[in-house]
Each structure stands twice: as structure tokens, then as C-alpha cells.
Amino acid sequence: MSVLIDTNVMLDIALKREPFFQNSALALAKARAAGHTQLCATSITTLHYFMHKTLGEAGARRFIANCLQAMTLAQVQGSTLQKALASPMQDFEDCVIAHCAAECGAHTILTRDTADYANSPVPALTPTQYLSTP
């Protein structure tokens, strides 16, 4: 099973944001153990932007390097952006992630913002929901 990890879950883990850190970290570990985990290519720059403020440049780059080593990077193509533009989803960043997930064959998007993915072509689960799945 392939799971695409949303940017907000990765930020929860990288920045140890409470009260989300534990379930996000456990859900990522479960997804990695169960199969293939992916990270949308557009998430990398967003992660860096927020992490370098807290972790410093070296810390942000180290975390990103670990992500790139541990997960597959899901590419964003022109077709991904075209589908996102035509999507009924309201948040463009989430649209891109949703259509990236569809194009790379992900079965689930792991996010804290499932409401934003109501019209996603790939179902979304929160870390808590994902942890309760078999």
C-alpha cells in the first residue's frame, strides 16, 4: 500500500508540534512498515521554509536529506498542475498534493486536514484514523 504524506504531517514530526507529533510520527512509522511512503516534490521547499526558522539551515537540510533517503519523491508534472487548477478543491496546495498522489498511485493521503481533501481523487486519513486501520 502506498501512502503520500502531506506537508503538515511532516512539519508536525520535524518541529515536534504538539499535540500532533506523537500520532504523526507513529502513523509515518506504520506507513513505512506497511509499504511505500511518498512525499510530494512541492512539499520539500515548504518544509525547508518552515524548518530553517526553528532548526536552522543545517537542521532543515539534514531533515530533508533524511526524508529523501527514507521516502520516494512523488514528482509534480504539468499535468498535475492542470488537474489541480481544474479541481473543485478549494486549497490549491492541497489540490496539487491530491493530484500528485493520484498520479503516483498512492492509495491514501496522510494529512491532518481531511476536510480540505473532501473532493480529492485519493482518500485522505488523519494520523489518528490511519493508526486505527488494520
Side-chain angles (χ1 to χ4, degrees):
M1 176 185 240
S2 178
V3 178
L4 189 132
I5 313 300
D6 193 3
T7 311
N8 59 35
V9 172
M10 295 306 298
L11 284 170
D12 291 344
I13 295 167
L15 302 177
K16 297 183 178 172
R17 297 194 298 194
E18 293 299 344
F20 311 111
F21 170 70
Q22 183 174 358
N23 279 353
S24 292
L26 290 171
L28 176 59
K30 177 181 177 177
R32 289 191 61 215
H36 189 221
T37 54
Q38 300 184 70
L39 186 61
C40 183
T42 59
S43 294
I44 297 298
T45 55
T46 304
L47 286 169
H48 179 271
Y49 176 80
F50 286 104
M51 289 187 318
H52 92 274
K53 293 178 179 184
T54 303
L55 303 178
E57 188 64 25
R61 287 181 183 244
R62 188 171 35 257
F63 185 85
I64 289 170
N66 289 338
C67 289
L68 295 176
Q69 196 169 35
M71 293 183 269
T72 301
L73 194 60
Q75 299 299 315
V76 174
Q77 307 295 325
S79 62
T80 314
L81 299 173
Q82 290 295 334
K83 289 173 187 172
L85 284 170
S87 174
M89 294 173 62
Q90 295 298 308
D91 184 291
F92 185 68
E93 181 184 8
D94 292 341
C95 290
V96 172
I97 289 174
H99 288 281
C100 181
E103 288 185 356
C104 73
H107 297 95
T108 304
I109 299 168
L110 189 63
T111 182
R112 277 194 296 102
D113 299 324
T114 56
D116 288 350
Y117 287 91
N119 294 311
S120 171
V122 175
L125 294 173
T126 66
T128 303
Q129 291 169 325
Y130 184 75
L131 288 170
S132 67
T133 63

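Start at 1 with the first residue, then count along the sequence.
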Exercise. Give the C-alpha distance, both sets of side-chain angles, the deciding distance and a yes or no for side-chain hydrogen bond (donor to acceptor under 3.5 Å, both in side chains) between Gln38 and Ser2.
Key: CA-CA 7 Å; Gln38 300 184 70; Ser2 178; 2.6 Å; yes
Practice problem: In sequence, state the C-alpha distance, the side-chain angles, and the governing distance for Gln75 and Cys104, and then conclude on side-chain contact (heavy atoms from CB on, under 4.5 Å). | Solution: CA-CA 8 Å; Gln75 299 299 315; Cys104 73; over 6 Å; no
Exercise. Tell me, with the steps shown, if Leu11 and Phe20 meet side-chain contact (heavy atoms from CB on, under 4.5 Å).
Key: CA-CA 10 Å; Leu11 284 170; Phe20 311 111; over 6 Å; no
Exercise. Take Ile64 and His48 through the side-chain contact (heavy atoms from CB on, under 4.5 Å) test and state the conclusion after the steps.
Key: CA-CA 7 Å; Ile64 289 170; His48 179 271; 3.5 Å; yes
Quiz prompt | Leu15/Leu55 under side-chain contact (heavy atoms from CB on, under 4.5 Å): CA gap, chis, key distance, verdict | solution = CA-CA 8 Å; Leu15 302 177; Leu55 303 178; 4.1 Å; yes
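Put simply, the side chain of Asp6 reaches to within 4.5 Å of the side chain of Asp94, judged on heavy atoms. Side-chain contact check for Lys30 versus Val3: every heavy-atom pair is 4.5 Å or farther apart. Side chains of Asn8 and Arg17 form a contact here, defined as non-hydrogen atoms less than 4.5 Å apart. Contact check for Leu4 versus Val122: no side-chain heavy atoms found under the 4.5 Å cut-off. For the pair His36 and Thr72, the minimum side-chain heavy-atom distance is below 4.5 Å.
The environment of CD in Gln69 is sparse: at most 12 heavy-atom neighbours from other residues, nucleotides or ligands sit within 6.0 Å.
Leu110 and Phe50 fall within a single hydrophobic cluster, where Ile, Leu, Val, Met, Phe, Trp and Tyr side chains are chained together by heavy-atom contacts under 4.5 Å. Cluster annotation: Leu28 is connected to Ile44 through the hydrophobic network of ILVMFWY side chains, with a link wherever side-chain heavy atoms come within less than 4.5 Å. The hydrophobic cluster containing Leu125 also contains Ile5, counting ILVMFWY residues as joined when their side-chain heavy atoms lie under 4.5 angstrom apart, directly or transitively.
Residues satisfying the ring-ring contact (aromatic ring centres under 6.0 Å, His included) criterion with His107, sequence neighbours excluded, are absent altogether.
Note: Leu39 CG to Thr7 OG1 = 6.5 Å, rounded to the nearest 0.5 Å. The line from CG of Leu73 to CE of Met71 is 9.5 Å long, rounded to the nearest 0.5 Å. Here the straight-line distance linking atom CE of Met1 with atom OG1 of Thr108 works out to 4.0 Å at 0.5 Å rounding. Taking SG of Cys67 as the reference point, atom CE of Met10 lies at 3.5 Å (rounded to 0.5 Å). One finds the CG atom of Asp91 at 5.5 Å from the CG atom of Asp116 (value rounded to the nearest 0.5 Å). Taking OG1 of Thr46 as the reference point, atom CE of Met51 lies at 10.5 Å (rounded to 0.5 Å).
In terms of heavy atoms, Ala27 sits closest to Tyr130 at O-CE2, 3.5 Å. Nearest approach of Thr114 to Ala124, heavy atoms of both residues: CG2-O, 3.7 Å. Summarising the geometry of Val9 relative to Pro127, their closest heavy-atom pair is CG2-CG, 4.1 Å, with the distance given to 0.1 Å.
No option in His99, Gln77, Glu103 other than Glu103 meets the side chain to side chain donor-acceptor pair (under 3.5 Å) test with Lys83.
Applying the 4.5 Å side-chain rule to ILVMFWY residues, one finds Val76, Leu81, Phe92, Val96 in the same cluster as Leu85.
Sorted by first and then second residue, the side chain to side chain donor-acceptor pair (under 3.5 Å) pairs involving residues 18-28 (not counting sequence neighbours) are Asp12-Ser24, Asn23-Thr128.
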